[in-house]
Amino acid sequence: MLDIQTIREDFPILSHQVYGKPLVYLDNAATTQKPRCVVEKIEKGYYNVNANIHRGVHFLSQEATEAHEEARQTVQRFLNARSSDEIVFTRGTTESINLVASSFTDECMSAGDEVILSVMEHHSNIVPWQIQAAKKGITIRVIPMNDRGELLLDEYKKLFTDRTRLVAVSHVSNVLGTVNPVKEIIAIAHEQGVPVLIDGAQSTPHMKVDVQDLDVEFYVFSGHKIYGPTGIGVLYGKEEWLDRLPPYQGGGEMISSVSFEKTVFGELPFKFEAGTPDFIGSTALAEALRYVDGLGMENIAAREQELLRYATDRLSAIDGIRIFGNAPEKGAVLSFLIGSIHHYDMGMLLDRLGIAVRTGHHCAQPLMQALGIEGTVRASFSFYNTKEEIDTLVEGIERVRKMF
Ligand code: PLP
């Protein structure tokens with residue numbers, strides 16, 4: 001059991017007021033708030049351990065390098081990767097997917113080859129593939145879903161052809177909350193000899209992820225969604241795959257030797273980390289991972305499921321509500337519309353009551369098209385939210401509903 005009141009004290013922003021009302025922060029799928037220890041790690045990093053890494057012989061540079069490499073090991077343990085060489089620091093999920101999209105298609109795909117995505121992907125797992133498709137003539141195929149927001153695995157199996165080269169799907173939908181059966185999705189792809197990329201932006205903050213158990217080739221996530229800083233994220237890749245792929249960007253740090261005639265690229269993971277990495281961000285991300293590990297991922301998952309059940313019960317009782325995403329396996333996200341009230345109106349009026357929710361297409365326009373809507377209101381929860389905050393949300397929605 002988590003002591004929520006004590007935990008909330010770790011997050012100073014949660015006791016802020018907006019428009020003279022207590023902040024009710026329900027936009028955790030967009031970004032999470034930061035515990036004190038993460039902010040302090042950044043401050044201490046810049047005050048005490050700030051020197052460029054990997055290239056300096058001096059004391060500070062070595063300390064900073066050690067801290068960065070220790071952070072990599074923390075990520076390795078967090079994902080249960082076999083080796084820290086399999087952990088590449090990036091700017092976030094988006095950059096990690098762009099890296100794979102670019103390097104994988106360069107190495108493994110030619111015109112007419114196919115990649116399988118799902119209908120519920122975030123734009124960051126669609127557009128990078130479209131960019132490659134336009135350059136290289138590859139084709140995108142899409143796994144459909146049912147009315148509850150579950151991917152149709154029988155349809156998925158039918159999408160494989162002898163041109164399928166990669167499957168790339170999200171672990172948890174940022175709109176529907178659906179927890180996709182990624183272990184099964186991966187196993188099905190492997191039966192066809194096809195590697196898989198999983199977008200873990202919405203899973204890693206909420207559940208235990210074990211990349212060896214999943215047997216996944218690529219797994220990506222963002223620091224800022226898991227209580228860490230912005231501008232840092234992770235690409236996990238199986239060593240044999242990272243070894244095989246060409247670098248994404250060129251520059252300092254990623255080489256072993258350079259002459260005008262020939263450059264030899266560096267070893268893993270440095271081959272994929274051109275330029276000065278965010279070595280303060282990596283240590284702050286590691287601090288965030290230690291923080292959630294300290295709370296226990298099982299405790300976090302249990303707490304968030306309790307909040308989701310409570311919110312679903314309370315919101316379901318509101319007249320005229322339509323909730324999008326009713327899969328039995330669901331993360332703590334509630335997307336909804338009330339009658340004909342526009343999602344922006346709802347979001348703006350809730351904001352005036354101090355309630356932060358997200359409105360719009362949530363960077364998932366193809367999913368909105370499949371649902372036949374333009375957008376939704378989305379409340380997304382973290383373990384630090386309370387049932388009282390959900391009550392405030394419900395009262396707010398009722399108030400807005402009566403205004404229309
Ligand atoms: N994938 C999913 C499922 C997301 O929810 C998000 C962000 O909302 C992203 C990818 C992109 O993450 P970032 O903007 O941190 O790169």
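All residue numbers refer to positions in the sequence shown, counting from 1. Just so it is clear, the values below take in all heavy atoms, side chains as well, and ignore hydrogens, waters and symmetry mates. First listed ligand is number 1; within each ligand, the first listed atom is number 1.
- Between His361 and His123, the angle of the ring planes lies from 30° to 60°, which puts this pair in the tilted group.
- A ring-ring contact (aromatic ring centres under 6.0 Å, His included) check over residues 129-151, counting only residues at least two apart or in different chains, returns nothing.
- Relative ring orientation between Phe270 and His54 is described as perpendicular, the plane-to-plane angle rising above 60° on a 0-90° scale split at 30° and 60°.
- Among pairs with a residue in residues 338-351, none fulfils salt bridge (charged side-chain N to carboxylate O under 4.0 Å, His left out), at least two apart in sequence or across chains.
- Remark: Arg148 pairs with Glu150 by the side-chain hydrogen bond (donor to acceptor under 3.5 Å, both in side chains) rule, at least two apart or across chains.
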Criterion side-chain hydrogen bond (donor to acceptor under 3.5 Å, both in side chains) on Asp391 and Tyr310, from CA distance to verdict: CA-CA 9 Å; Asp391 293 340; Tyr310 184 75; 2.6 Å; yes
I'd like a table of the close N/O pairs between ligand 1 and the protein (anything under 3.5 Å), one pair per line with both atom names and the distance.
unit_1: ligand 1; atom_1: 1 (N); unit_2: Asp199; atom_2: OD1; d: 3.4
unit_1: ligand 1; atom_1: 1 (N); unit_2: Asp199; atom_2: OD2; d: 2.5
unit_1: ligand 1; atom_1: 5 (O); unit_2: Gln202; atom_2: NE2; d: 2.7
unit_1: ligand 1; atom_1: 8 (O); unit_2: His122; atom_2: NE2; d: 3.4
unit_1: ligand 1; atom_1: 8 (O); unit_2: Lys225; atom_2: NZ; d: 2.6
unit_1: ligand 1; atom_1: 15 (O); unit_2: Ser222; atom_2: OG; d: 2.7
unit_1: ligand 1; atom_1: 15 (O); unit_2: His224; atom_2: NE2; d: 2.7
unit_1: ligand 1; atom_1: 16 (O); unit_2: Thr94; atom_2: N; d: 2.9
unit_1: ligand 1; atom_1: 16 (O); unit_2: Thr94; atom_2: OG1; d: 2.6

